[in-house]
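Right, one structure below, let's go through it.
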Number of protein chains: 2
Amino acid sequence: MATATVMRESIELCDTLTEEEDTLTREIITRVADKWSLWVMHVLVTAEGPLRFSRVHDEVEGISQKSLTKALRQLERDGMVTRTMFAEVPPRVEYAITPIGIEMMEHVEPLWLWVAKSVGRFQQARAEFDGRGK
Amino acid sequence: MATATVMRESIELCDTLTEEEDTLTREIITRVADKWSLWVMHVLVTAEGPLRFSRVHDEVEGISQKSLTKALRQLERDGMVTRTMFAEVPPRVEYAITPIGIEMMEHVEPLWLWVAKSVGRFQQARAEFDGRGK
DNA sequence: CAGTATCCAGATCGATACTG
DNA sequence: CAGTATCGATCTGGATACTG
């Protein structure tokens, strides 16, 4: 019943979106699953303050410079992080999470939490499936 | 403060996950952003009953046979849909959502809903960013 | 009907090298 | 320091053709 309510609400809302809005919605959702975007935002949230490029690069273990740059640009473009450049030598650039970025994380975390809590059930499902397939 | 609570809870939980569990968690989350998986599940939820392969193929507009097969296999493997084969000629195969699949959708929809409702703010952020970049 | 098999174009991502 | 540019391996996904 709670299900039906949520479903109906989302179906109605989705019907009111233009094609452009629908595309953008999907793109934003994509950030959630993106290998790095969520991790980058997580680092910026827990830092509770701006971080330099190299600090983020340290914290997000395994990311390449190229991928980090790309992730940060996307997040900046979508208003989830800010990028502040200081006219110094050597150059200093600081990244920080925005209010909408925090909102995003607040909405993502419950889902992430549920999946993490359910991981045992997914493992069992896979074990059964892989077993059936011999 | 609600933020901090959720964050802390998720950080603690994530620390208890083995590497294998963490990988699986990420894979499941990936389904959320996958172009087709969520759409397929949505179709199966709203159908309120099993659907044949060709019916799903009709409902999920634009998907190729190959991609649909792959999406259904993944969802089946992760326990979110069931696949029932009938020994008939011509062959009949029916797909249905599972309880855990419904749970998944229940946890995804609020996020989707928030993004859809916030789409105007994301559009504005992009407009500003693209404007600044000349 | 419900797939599988094959080919192929485009996107993605890491590694590496270079620059203001 | 904070990138950009480039190259190559890998992955993805559609189109097409074939099968039990």
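Letters go in sequence order (proteins before strands), and every chain restarts at 1.
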### Query
Going by heavy atoms closer than 4.0 Å, what residues in residues 71-90 of chain B are next to DNA chain D?
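Those residues whose heavy atoms fall under 4.0 Å from DNA chain D, taken from residues 71-90 of chain B, amount to none.
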### Message
Any side-chain N or O of Tyr95(A) below 4.0 angstrom from OP1/OP2 of dG3(D)?
### Response
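So the side-chain polar atoms of Tyr95(A) do come within 4.0 Å of the phosphate oxygens OP1 or OP2 of dG3(D), strictly under.
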### Phosphate contact (dA2(D) OP1 or OP2) by Arg52(A) side-chain N/O below 4.0 Å
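Looking at the OP1 and OP2 atoms of dA2(D), one of them is under 4.0 Å from a side-chain N or O of Arg52(A).
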What is the distance, to the nearest angstrom, from the [atom1] atom on [X] to the [atom2] atom on [N]?
| X | N | atom1 | atom2 | answer |
| --- | --- | --- | --- | --- |
| Leu51(B) | dG3(C) | CG | P | 13 Å |
| Leu68(B) | dT12(D) | CG | P | 17 Å |
| Phe53(B) | dG3(C) | CZ | C1' | 6 Å |
| Glu94(B) | dA2(C) | CD | P | 9 Å |
| Asp34(A) | dA11(C) | CG | C1' | 13 Å |

Considering only nitrogen or oxygen atoms on both sides, find all protein atoms under 3.5 Å from nucleotides 14-18 of chain C and state each distance.
| unit_1 | atom_1 | unit_2 | atom_2 | d |
| --- | --- | --- | --- | --- |
| dG14(C) | OP1 | Trp36(A) | NE1 | 3.4 |
| dG14(C) | OP2 | Ser64(A) | OG | 3.0 |
| dG14(C) | OP2 | Ser67(A) | OG | 2.2 |
| dG14(C) | O6 | Lys66(A) | NZ | 2.3 |

### Query
What pairs of residues pass the ring-ring contact (aromatic ring centres under 6.0 Å, His included) test when at least one of them lies in residues 49-93 of chain B, not counting sequence neighbours?
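Qualifying pairs: none.
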#### Entry: Any pair counted as ring-ring contact (aromatic ring centres under 6.0 Å, His included), so long as it reaches residues 18-41 of chain A, sequence neighbours left out
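As it turns out, the ring-ring contact (aromatic ring centres under 6.0 Å, His included) pairs with a partner in residues 18-41 of chain A, which skip direct neighbours, are Trp36(A)-Trp39(A).
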Restricting to salt bridge (charged side-chain N to carboxylate O under 4.0 Å, His left out), what partner residues turn up for [X], sequence neighbours left out?
| X | answer |
| --- | --- |
| Arg55(A) | Asp58(A) |
| Glu21(A) | none |
| Glu128(A) | none |
| Glu59(B) | none |

### Query
For the side chain of Pro91(B), counting heavy atoms from C-beta on, which of dC1(C), dT4(C), dG13(D) is nearest?
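Nearest to the side chain of Pro91(B) among the choices is dC1(C).
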### Query
With sequence neighbours excluded, what pairs up with Glu94(B) under the side chain to side chain donor-acceptor pair (under 3.5 Å) test?
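Expected list: Arg92(B).
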### Partner set under side chain to side chain donor-acceptor pair (under 3.5 Å) for Ser37(A), not counting sequence neighbours
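Ser37(A) satisfies side chain to side chain donor-acceptor pair (under 3.5 Å) with Asp34(A) only.
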#### Entry: Watson-Crick and G-U pairing of DNA chain C written in dot-bracket, each distance under 3.5 angstrom, with | for inter-strand partners
||||||||||||||||||||
### Task
Give a yes or no on this: more than 12 heavy atoms of other residues, nucleotides or ligands lie within 6.0 Å of atom CD of Glu48(B).
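Counting other residues, nucleotides and ligands, CD of Glu48(B) stays at 12 neighbours or fewer.
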Kindly list each side-chain donor-acceptor pair under 3.5 angstrom involving residues 65-73 of chain B, sequence neighbours excluded, with atom names and distances?
| unit_1 | atom_1 | unit_2 | atom_2 | d |
| --- | --- | --- | --- | --- |
| Ser67(B) | OG | Ser64(B) | OG | 3.1 |
| Thr69(B) | OG1 | Gln65(B) | O | 2.9 |

### Task
Identify whether the distance between the nearest side-chain nitrogen and carboxylate oxygen of Arg77(B) and Glu27(B) falls below 4.0 Å.
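Between Glu27(B) and Arg77(B) there is no salt bridge, as every charged N stays at least 4.0 Å from the carboxylate O atoms.
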